[in-house]
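Report on the structure given below.
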Amino acid sequence: MVAISLVLVSFTPLYSIDDVVAAMKTGNANQLSKYFDSRIDLSLPGKSDNYSKSQAEMILKDFFANNTVKNFVVKHKGEQNGSQFCIGLLQTKNGNFRTKFFMKQKGDQQVVQELGIEVTE
C-alpha cells in the first residue's frame, strides 16, 4: 500500500480541458497561461501569430482588460488521437466571441497549443 501511495503522489497533476475552461470563465490570463505550451498559436481579433507563453499571456491580459469576461459556455468538446479540443462562447461585456482551443500531450501533461477567439456574427 505504501509503495502504491508513493507512486501515485509522485505523479504531477495532469492539466485537463476543464481546468482551461475554468480559467476562461474568469478571464484570468495569468491562470490561463499556466496551461500553455512554451509556444502557442494565438488568434484574436486583429492579432494572429505564434507567440511565446509570456507574450501570449500579455496579449490575453490586454484582450481581457478590454473585454471583461462574464462567462464561458462550452458548446462542444472532445478528444482525438490523445489531443483534446473545445469550442465555446466567450461572453463579455462587449459582446460574444466564438472561442476554440486545442490541447496536446507533451511529456506527462496536456498543454494548450492553439487558442482562437473571434467575433461572432
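Just so you know, these numbers come straight off a predicted model, no measurement behind them.
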Nearest 0.5 angstrom please: Ser48 OG to Ile117 CD1, how far?
11.5 Å
Side chain to side chain, Phe97 and Leu44, heavy atoms closer than 4.5 Å:
no
Taking every heavy atom of Phe36 against every heavy atom of Ala56, the minimum-distance pair comes out as CE1-CB, 3.9 Å
same_hphob_cluster(Met24, Ile17) at 4.5 Å side-chain heavy-atom cutoff
yes
Euclidean distance, Ile59 CD1 relative to Ser33 OG, rounded to 0.5 Å:
12.0 Å
Separation between CG of Asp19 and CD of Gln110, rounded to the nearest 0.5 Å
11.0 Å
Are Phe85 and Ile40 connected into the same hydrophobic cluster when the rule is that any two of I, L, V, M, F, W, Y join if their side-chain heavy atoms are below 4.5 Å apart?
no
Nearest 0.5 angstrom please: Glu114 CD to Asp37 CG, how far?
12.0 Å
So, the side chain of Gln105 versus the backbone of Gly107: is there a donor-acceptor pair under 3.5 Å, distance only?
yes
In this structure, NZ of Lys77 is separated from CE of Met103 (nearest 0.5 Å) by 11.0 Å
Please confirm whether the backbone N or O of Ser83 pairs with a side-chain atom of Asn81, one donor and one acceptor, at under 3.5 Å?
no
How about NZ on Lys53, more than 12 heavy atoms from neighbouring residues, nucleotides or ligands closer than 6.0 Å, or not?
yes
With Glu118, which residues qualify under salt bridge (Lys or Arg N to Asp or Glu O under 4.0 Å), at least two apart?
Arg98
Report all side-chain donor-acceptor pairs from residues 64-76 shorter than 3.5 Å, counting only partners two or more places apart or in another chain.
{"unit_1": "Asn66", "atom_1": "ND2", "unit_2": "Asp62", "atom_2": "O", "d": "3.1"}
{"unit_1": "Asn67", "atom_1": "OD1", "unit_2": "Asn94", "atom_2": "ND2", "d": "3.2"}
{"unit_1": "Asn67", "atom_1": "ND2", "unit_2": "Phe63", "atom_2": "O", "d": "3.0"}

Is a side-chain donor or acceptor of Gln55 paired with a backbone partner of Asn50 at a separation under 3.5 angstrom?
no
Could you pull out all residues at least two apart from Lys47 that satisfy salt bridge (Lys or Arg N to Asp or Glu O under 4.0 Å)?
none
Kindly compute the distance separating OG (Ser16) from OH (Tyr35), expressed to the nearest 0.5 Å.
8.0 Å
Treating Ile, Leu, Val, Met, Phe, Trp and Tyr as nodes and any side-chain heavy-atom pair under 4.5 angstrom as an edge, say whether Val111 and Phe101 lie in one connected cluster.
no
What about Leu42 and Val119, same hydrophobic cluster or not, with Ile/Leu/Val/Met/Phe/Trp/Tyr joined at side-chain heavy-atom distances under 4.5 Å?
yes
